[in-house]
Amino acid sequence: MEKTTKNEKSTKNEKPTTSEKLTKNKKTIKNEKLTKYEKLTTSEKETITYASQFAKQLKIGDIILLDGDLGAGKTHFTKGLAQGLKSKCLVTSPTFTIMNTYEDGTLPIYHFDMYRLSSKEEAEELGFNEYFDPTSLDGISIVEWPSQVEGLINKPYYQVSIHKIDECTRKISIVHLY
């Protein structure tokens with residue numbers, strides 16, 4: 001995975017290999033520590049591969065927030081995360097169920113789509129807050145549309161932003177805030 005700094009943009013478009021090691025760029029901005037990765041992908045398969053490679057560093061209690069417009073590739077990224085964690089489950093967007101669980105991999109995955117929720121309080125009423133406490137979480141939580149439940153999820157977490165450049169190209173930025 002490629003690292004970037006505040007004043008440097010990544011323009012390389014290389015596929016990650018299974019032997020590629022993650023290189024972290026740590027810095028402090030406004031009293032927040034962060035690590036940032038950036039990558040351009042040119043196909044669904046490449047997005048899935050990138051996410052699969054990224055998943056290899058995840059551990060129990062990690063929370064991943066996914067931002068991107070409709071059709072940007074949030075569910076494809078989640079498919080890659082599940083693949084990287086050795087899940088064989090069919091990964092689909094939990095648009096109507098709000099949460100899907102995949103428990104057959106190396107870690108349980110709790111995949112949320114908060115699009116239909118209107119507040120943090122609504123998510124708490126459904127009992128979802130237990131999935132966002134890194135000290136008691138028994139797997140990882142992945143959240144699409146986290147802005148719908150702002151204030152529910154506290155640091156540390158990974159913020160993944162997927163920007164659609166054109167029909168096939170995506171710019172994926174991963175920031176670990178802690």
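Since the model is a prediction, treat every value here as computed from it, not as a measurement. The analysis underlying the following values was restricted to heavy atoms, covering all of them including side chains, and did not include hydrogens, waters or symmetry mates.
Using a 3.5 Å distance cut-off with no hydrogens or angles, the side chains of Asp104 and Tyr102 do not pair a donor with an acceptor. The closest side-chain donor-acceptor pair between Tyr157 and Ser141, if any, does not fall under 3.5 angstrom. Looking at Gln148 and Ser118, their side chains never bring a donor and an acceptor atom within 3.5 Å of each other. His176 and Gln159 share no donor-acceptor pair across their side chains, judged by distance under 3.5 Å alone.
The existence of a salt bridge linking Lys120 and Glu122 is excluded, since no basic side-chain nitrogen approaches an acidic carboxylate oxygen closer than 4.0 Å.
For the pair Thr49 (side chain) and Lys45 (backbone), a donor-acceptor distance under 3.5 Å is present. Here the side chain of Arg116 pairs no donor or acceptor atom with the backbone of Phe96 at under 3.5 angstrom.
Nearest heavy atom pair, residue Pro146 against residue Leu65, reads CG-CB, 3.9 Å. When all heavy atoms of Gly73 and Thr47 are compared, the closest pair comes out as O-CG2, 4.5 Å. Minimum interatomic distance between Asn100 and Ser93 (heavy atoms only, all atoms of both residues): ND2-C, 4.0 Å. Contact record, Arg170 with Glu167: NH1-O, 3.3 Å, taken as the closest heavy-atom pair. For the residue pair Glu144 and Pro94, the shortest heavy atom distance occurs at OE2-CD, 4.4 Å.
Residues meeting the ring pair (Phe, Tyr, Trp, His ring centres under 6.0 Å) test with Phe112, sequence neighbours left out: Phe128, Tyr131, Phe132.
Taking the side chain as every heavy atom from C-beta outward, Tyr50 and Ile172 approach each other to under 4.5 Å. Annotation: side chain of Ile109 is not in contact with side chain of Thr101 (no heavy-atom distance under 4.5 Å). For the pair Leu66/Thr78, a side-chain contact is recorded, criterion being any heavy-atom separation below 4.5 Å from C-beta on. The side-chain heavy atoms of Pro134 and Leu137, taken from C-beta on, include no pair separated by under 4.5 Å. Residues Ile60 and Leu107 form a side-chain contact, since some pair of their non-hydrogen atoms from C-beta on lies under 4.5 Å apart. Side-chain contact check for Thr75 versus Asp113: every heavy-atom pair is 4.5 Å or farther apart. Residues Leu81 and Ile142 meet the side-chain proximity criterion, which asks for heavy atoms closer than 4.5 Å. Proximity of Lys171 to Glu38: side-chain heavy atoms (C-beta onward) are separated by under 4.5 Å at one or more points.
Evaluation of the salt bridge (charged side-chain N to carboxylate O under 4.0 Å, His left out) test over residues 59-87, restricted to residues two or more places apart or in two chains, returns Lys59-Asp62.
We find the OG1-CD distance between Thr169 and Glu46 to be 9.0 Å, quoted to the nearest 0.5 Å. Here the OG1-OH distance, from Thr95 to Tyr115, works out to 9.5 Å after rounding to the nearest 0.5 Å. A distance of 5.5 Å separates OG in Ser173 from NE2 in His163, rounded to the nearest 0.5 Å.
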For this session: Evaluate side chain to side chain contact (heavy atoms under 4.5 Å, CB included) for Tyr110 paired with Ile63, printing each intermediate quantity in order.
Result: CA-CA 9 Å; Tyr110 306 100; Ile63 299 166; over 6 Å; no
For this session: Decide side chain to side chain donor-acceptor pair (under 3.5 Å) for Thr35 and Tyr178; before the verdict, give the C-alpha distance in whole Å, the side-chain angles of both, and the deciding distance to 0.1 Å.
Result: CA-CA 9 Å; Thr35 303; Tyr178 44 99; 3.1 Å; yes
Problem set entry | Stepwise side chain to side chain contact (heavy atoms under 4.5 Å, CB included) check, Ile174 with Lys36 | CA-CA 6 Å; Ile174 303 172; Lys36 184 174 183 177; over 6 Å; no
Exercise. Can you check side chain to side chain contact (heavy atoms under 4.5 Å, CB included) on Leu85 and Ile140, steps first, answer last?
Worked result: CA-CA 10 Å; Leu85 295 171; Ile140 67 163; 3.5 Å; yes
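Under the 4.5 Å side-chain heavy-atom criterion for Ile, Leu, Val, Met, Phe, Trp and Tyr, Tyr37 and Phe77 are members of the same hydrophobic cluster. In terms of hydrophobic clustering, with Ile, Leu, Val, Met, Phe, Trp and Tyr side chains grouped at heavy-atom distances under 4.5 Å, Leu58 and Ile48 are assigned to different clusters.
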